[in-house]
2 protein chains.
Amino acid sequence: MREDSLTQINRRQQGLHDRVEVRCADCPIRYRAVCAQCESDELTQLEQIKFYRSFDAGQPIVWEGDRMDFVASVVTGVASLTHTMEDGRTQMVGLLLPGDFLGRPGRDRAAYNATAVTKVVLCCFRMKPFEEMMRQTPHISHRLLEMTLDELDAAREWMLLLGRKTAREKIASFIVIVARHEAALQKLQPAGWMELELPLTREAMATYLGLTLETVSRQVSALKRDGVIELKGKRKVILPDFARLMDEAGDDADGGMLD
Amino acid sequence: MREDSLTQINRRQQGLHDRVEVRCADCPIRYRAVCAQCESDELTQLEQIKFYRSFDAGQPIVWEGDRMDFVASVVTGVASLTHTMEDGRTQMVGLLLPGDFLGRPGRDRAAYNATAVTKVVLCCFRMKPFEEMMRQTPHISHRLLEMTLDELDAAREWMLLLGRKTAREKIASFIVIVARHEAALQKLQPAGWMELELPLTREAMATYLGLTLETVSRQVSALKRDGVIELKGKRKVILPDFARLMDEAGDDADGGMLD
DNA sequence: CGTGGTGTTGAACATTTTCAATCAGCGTGG
DNA sequence: CCACGCTGATTGAAAATGTTCAACACCACG
């Protein structure tokens, strides 16, 4: 473990926060997060109630049932939301990427476990002032509604995957989603030849897909054997033909692009 | 098929609507629907843009990809949202009960199939005027956000069920949900001895639970054999001990009651 | 009294999980 | 430099779970 992350943990344990001063105008998620529609005066207001927190890969962010007096945007990194049964079976119910929103206004206890999958930086807002701002500025609540509806769509898409797809289709679907996201960052449609990096371990993929890690491993191997994907190390994937992968995912041609 | 429902279908096919005049103040879902927080002057406004439509059990309401120029509240009855793959596998992704909202402001095409499970009455609002009202009255968009967040929670709870629960646990969970809803209507906590009616056929339950109808039938029989439930006909269920059922559902004791 | 919709049950089969062994990469310390 | 141990990943064989296909039961309705 590196020195600086140790320092961070200590700071966190003491209840202190990183006082990095990043101006909202320069924020990498300026046009994707809950603040996307805010005017500059509204950003000024947000700047006064925001603070940053960072988490190393693997660290818990909040635990199911914990008191939670803030909401946050993911600035960088990947976090997961998981639900766990008494006997330990766990299911990932959300994957939070940069711009995604964590927490629920009006609820003071976390409904899920949130965990940093990679190193994560959050832009946090204390609950009360944020709720006050929501009342005053329709831009925030409007954007939050929009984002929540998108998340609901994603959750429903995932229900189809969990309920009806085979293990092979689940793996293919997951890679398609990662490829889509990758392509979207470069403002392209995913197509033809692509190279990408899986952001999750086999175990995290299993938790996401409702499978065991062994089945994930087997099906990844099978897709490789059948030439649908190539592997470069454990995490880097090469797609010789995106359309072929889509086919394996069992989605309609348009792939559920709704907007 | 009864005369009057035939008449209704004809009216619908001609693009006409039921002009039943129900005052919002007397509406059975007045305090649960998207209009729950509206003041009386806002209700007056809503009354001017609303119209009712009804559907017999089994009828489609909208089809995935269809143009949809309205949003609606379910007034009475039960409707389902389903997603279907090219080869016919289908998964229910939402169950709409009285008060629930159908459609998405700002989207003009349906993302899912919506079907009437029982006879359904919808209170519809044309998209454009509704969106205009959302901009003007924060009560509506605030309530819609709240409802959407609730639905997202429900969807995530369902993801745990679909991804990790056994067939037996799925059936038990479903009955628990129906029992909860039943109890909530009478403003009670579900407990002890209860009697209730399943709103879905075995096939619809299978679609909801990510199972085949045979597996549903077998597991219902198994729960009966083991004394967890009793059957009165095919649809009526008696719960000798709600806690026992909860146990079979594999939920935590609190059962995910979050608010 | 036959018919269609709905539900139940059985037996063979397919898929996924479980348990266990092994491997690959990588940083550490001798 | 190399053996060591750790984590993440792969593979195999046996077992469990759910599906598929098929037969049949129940019952409301014409």
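Chain naming here is simple, since letters A, B, ... match the order of the sequence lines and numbering starts at 1 in each.
- The interatomic distance linking B:Ile171 (CD1) with C:dG7 (C1') rounds to 13 Å, in whole Å.
- The 5' end of DNA chain D is approached more closely, in terms of each residue's nearest nucleotide, by A:Ser221 than by the other of B:Lys165 and A:Ser221.
- At whole-Å resolution of the value, CZ in B:Arg225 and C1' in C:dT8 are 14 Å apart.
- One atom, CZ of B:Arg168, and another, P of D:dG18, lie 11 Å apart when rounded to the nearest Å.
- In this entry the distance linking NZ of A:Lys234 with C1' of C:dC26 reads 13 Å, nearest Å.
- Here the P atom of nucleotide C:dT9 and the CD atom of B:Gln219 are 12 Å apart, to the nearest Å.
- Using a 4.0 Å cut-off between a side-chain N of Lys or Arg and a carboxylate O of Asp or Glu, B:Glu195 and B:Lys236 do not qualify as a salt bridge.
- With rounding to whole Å, B:Glu169 atom CD is found 11 Å from D:dT17 atom P.
- The side chain of B:Leu211 sits closest to D:dG18 out of C:dT8, C:dT18, D:dG18.
- The listed nucleotides are C:dT17, D:dT11, C:dT9; the one nearest the side chain of A:Glu214 is D:dT11.
- Nearest-nucleotide positions on DNA chain D place A:Arg235 closer to the 5' end than the other of A:Arg164 and A:Arg235.
- Here B:Thr215 reaches the OP1 or OP2 of D:dT19: one of its side-chain N or O atoms lies under 4.0 Å away.
- Listed nucleotides C:dT8, C:dG10, D:dA9 differ in distance to A:Arg202; the shortest reach to its side chain belongs to D:dA9.
- Rounded to whole angstrom, the span from the CG atom of A:Leu213 across to the C1' atom of D:dT11 amounts to 12 Å.
- Comparing D:dT20, C:dT8, C:dT16 against the side chain of B:Thr212 picks out D:dT20 as the nearest.
- Ring geometry for B:Tyr208 versus B:Phe174: interplanar angle over 60°, hence perpendicular rather than tilted (30 to 60°).
- Nucleotide C:dG25 holds its P atom 13 Å from the CG atom of A:Leu231, rounded to whole Å.
- Salt bridge absent: A:Glu214 and A:Arg218 never bring a charged side-chain N and a carboxylate O closer than 4.0 Å.
- Closest contact between the side chain of B:Ser217 and the listed nucleotides D:dG18, C:dT9, D:dT10 involves C:dT9.
- Counting only distance, with no hydrogens or angles, the side chain of B:Ser221 and the backbone of B:Ser217 share a donor-acceptor pair below 3.5 Å.
- If you check distances only, the side chain of B:Arg218 never reaches the base of C:dG7 with a donor-acceptor pair under 3.5 Å.
- Checking D:dT19, D:dA9, C:dT8 against every side-chain atom of A:Thr201, the shortest atom distance belongs to D:dA9.
- Counting heavy-atom neighbours within 6.0 Å of B:Glu230 CD, excluding the residue itself, gives a total above 12.
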